[in-house]
2 protein chains.
Amino acid sequence: MKKSEYHHGNLRQALIEAGIELMNEVGEDGVSLRKVAARCGVSQAAPYAHFESKADMLNAMQEHVTGQMMQVLEAAVAEKEVSAYENMLRLGEAYVSFFIEHPAYFKFICYSPQVKFRLVWEEEKEVYPPYGLFRRCADACLREIGQPEETKLYCLANLWATVQGIACLATQPNVEYAGDWKKDLRRILTDGKEM
Amino acid sequence: MKKSEYHHGNLRQALIEAGIELMNEVGEDGVSLRKVAARCGVSQAAPYAHFESKADMLNAMQEHVTGQMMQVLEAAVAEKEVSAYENMLRLGEAYVSFFIEHPAYFKFICYSPQVKFRLVWEEEKEVYPPYGLFRRCADACLREIGQPEETKLYCLANLWATVQGIACLATQPNVEYAGDWKKDLRRILTDGKEM
DNA sequence: ATGTAATCTTAACACTGTCAAGTTTATTTT
DNA sequence: AAAATAAACTTGACAGTGTTAAGATTACAT
């Protein structure tokens with residue numbers, strides 16, 4: 001072994017990325033620390049220099065994927081000249097699209113022990129950034145529409161449940177969504193506008 | 001060992017029930033064939049007389065749980081003197097309630113490889129009975145309301161996505177649903193009535 | 001330069017799913 | 001009733017898993 005290869009240099013990041021790769025290939029259950037380590041060319045126990053446990057590495061993978069998603073989501077709401085309402089629709093679409101393009105991610109992310117948030121209206125340090133972004137967009141949207149204060153919480157729940165529900169359905173294995181989910185999501189959110 | 005105890009008598013059923021028990025105690029990942037076998041007082045390899053693999057046993061567990069849920073759901077829509085609309089609301093409530101009472105079940109059932117259905121309007125032999133029941137109830141409901149034919153599929157998707165979305169949210173770990181989900185679900189489904 | 005901390009390897013442990021071979025009981029056939 | 005067959009179960013083994021302990025190698029700070 002070359003001396004220069006004893007230290008990997010950036011093993012932590014390499015492990016995270018290899019783990020995500022492997023998950024996309026063989027599913028979450030097929031991910032093992034040893035396989036990921038082998039993929040990075042290091043020994044079985046090497047990951048323990050960077051992670052406390054397998055769960056810890058999975059959490060890091062989840063954060064990484066969520067970060068990637070946030071880039072996509074923020075790009076989707078970047079245009080300034082559109083209405084807050086249109087913005088929220090685009091965000092919902094981008095959110096669902098991301099999960100449809102990466103079917104393994106929904107279960108992985110949404111049932112991660114790290115993902116925490118409260119379905120309330122007040123600003124919080126959400127541990128699930130996409131929800132924080134959605135809440136801010138929905139806030140602007142409802143303000144724009146002139147939604148009365150006392151129904152806003154209900155509207156938030158409705159909107160988020162719809163987005164999450166479509167994402168859940170569209171990523172369930174062996175479930176065919178016969179309609180056009182993008183059109184449907186837009187329509188459902190639109191229909192809810194006047195509530 | 002007593003001779004009368006060599007053959008368990010009803011090991012298959014006992015394994016299924018012990019597996020479900022264990023899952024409710026330690027989560028799906030904590031379920032191992034060996035623990036389940038031990039819980040039934042048989043050897044590690046005994047389950048292989050009744051199941052092809054661990055996945056096969058998990059499938060059987062899923063069917064068993066789904067059967068239990070169907071009893072609850074059918075009871076919820078048993079009353080004859082209520083409107084089809086009220087009936088569908090009750091079914092939705094019962095569906096979500098069941099998952100809230102058994103938080104581990106949502107992920108377990110909805111991501112089982114056995115659960116299959118198409119979000120279409122035609123009658124099918126669904127492999128997920130709760131969805132079949134819901135589709136029939138929604139059909140009656142939309143008929144009662146006088147929903148035009150061309151929007152029925154969209155309505156079905158909307159209704160089911162809402163129910164599934166609330167169930168998903170309410171069973172996500174570390175996600176607090178601040179509102180009253182039962183009231184909200186009822187209201188969302190009601191608001192969608194006129195669409 | 002030397003000491004310390006970080007990074008990595010090897011070896012081992014208990015646990016897992018699964019299979020092969022054999023043992024015990026139930027069921028069917030004669 | 002006896003024999004043959006099938007079903008249910010046990011023991012023992014195998015490879016793969018997460019995890020730890022002990023030691024080796026390298027980077028870094030003093």
Side-chain angles (χ1 to χ4, degrees), chain A residues 1-63 104 107-108 111-114, chain B residues 1-63 104 107-108 111-114:
Chain A
M1 163 170 289
K2 300 181 201 160
K3 292 181 178 182
S4 63
E5 283 182 354
Y6 192 98
H7 278 37
H8 182 285
N10 200 6
L11 183 56
R12 191 189 144 92
Q13 200 59 28
L15 288 168
I16 290 174
E17 284 164 17
I20 292 170
E21 246 185 59
L22 187 60
M23 185 177 65
N24 281 315
E25 290 170 19
V26 300
E28 193 177 342
D29 292 345
V31 175
S32 82
L33 268 181
R34 293 167 111 106
K35 281 189 215 154
V36 173
R39 217 168 246 241
C40 294
V42 295
S43 77
Q44 46 187 254
Y48 284 88
H50 302 275
F51 303 108
E52 277 189 349
S53 61
K54 180 185 181 183
D56 192 29
M57 190 188 75
L58 290 175
N59 284 340
M61 285 166 54
Q62 185 267 320
E63 269 181 44
K107 194 181 164 194
F108 178 57
Y111 288 86
S112 156
Q114 278 195 311
Chain B
M1 162 172 288
K2 299 181 203 161
K3 293 180 179 182
S4 62
E5 281 183 356
Y6 192 98
H7 278 39
H8 181 285
N10 199 7
L11 182 56
R12 191 188 145 91
Q13 200 59 29
L15 288 168
I16 289 173
E17 284 164 17
I20 292 169
E21 247 185 58
L22 188 59
M23 183 176 67
N24 282 316
E25 290 171 19
V26 300
E28 193 178 342
D29 292 345
V31 175
S32 82
L33 269 181
R34 291 166 112 107
K35 282 189 215 153
V36 173
R39 215 169 248 243
C40 294
V42 295
S43 76
Q44 48 186 254
Y48 285 87
H50 302 277
F51 302 108
E52 275 189 351
S53 62
K54 181 185 181 183
D56 192 29
M57 190 187 76
L58 290 175
N59 283 341
M61 284 165 55
Q62 185 266 321
E63 270 180 42
K107 195 180 162 194
F108 178 57
Y111 288 87
S112 157
Q114 278 196 312

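Residue numbers begin at 1 in each chain, while the letters A, B, ... track the order of the sequences. On a predicted model such as this, the values are computed, not experimentally measured, just so you know.
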request  = Find the distance E52(B):CD to dC19(C):C1' and express it as a whole number of Å.
outcome  = 14 Å
query = Between Y48(B) (OH) and dC19(C) (P), how many Å, whole number?
reply = 6 Å
request  = Without swapping roles, check the side chain of K35(B) against the backbone of G30(B) for a donor-acceptor pair under 3.5 Å.
outcome  = yes
query = How is S32(A) classified with respect to the nucleic acid when contacts are heavy atoms under 4.0 Å: base, sugar-phosphate, or nothing?
reply = sugar-phosphate
note = In whole angstroms, the gap separating P of dC15(C) from NZ of K54(B) amounts to 15 Å
Euclidean distance, atom CG of residue L58(A) to atom C1' of dT17(D) [Å, nearest integer] = 13 Å
message = From CG of L22(B) over to C1' of dT16(C), roughly how many Å is that when rounded to an integer?
response = 14 Å
query = Is there side-chain contact between R39(B) and E21(B), with heavy atoms separated by less than 4.5 Å?
reply = yes
request  = Report the residue (R12(B) or Q44(B)) whose heavy-atom-nearest nucleotide on DNA chain D is the more 5′ of the two.
outcome  = R12(B)
message = Ignoring hydrogens and geometry beyond distance, is the side chain of R34(B) in donor-acceptor contact with the base of dG17(C) at under 3.5 Å?
response = yes
key: Check: F51(A) and L33(A) side chains under 4.5 Å, non-hydrogen atoms   = no
ask   = Quick one: is dC9(D) close enough that its OP1 or OP2 comes under 4.0 Å of any side-chain N or O from H50(B)?
value = yes
query = In whole Å, what is the span from the CG atom of N10(B) to the C1' atom of dA26(C)?
reply = 15 Å
query = The side chain of S43(A) lies closest to which of these nucleotides: dT11(D), dT9(C), dT19(D)?
reply = dT9(C)
message = By nearest atom, which of the nucleotides dG18(D), dC19(C), dT10(D) is closest to the A46(B) side chain?
response = dT10(D)
note = Separation of dG18(D) atom P from L33(A) atom CG, nearest Å, is 5 Å
task = Output all residues satisfying side chain to side chain donor-acceptor pair (under 3.5 Å) with R12(B), sequence neighbours left out; order by chain, then residue number.
result = none
request  = For the pair K54(A) (side chain) and V31(A) (backbone), establish whether a donor and an acceptor sit closer than 3.5 Å, ignoring hydrogens and angles.
outcome  = yes
request  = Round to the nearest Å and state the distance from F51(A) atom CZ to dT17(D) atom P.
outcome  = 18 Å
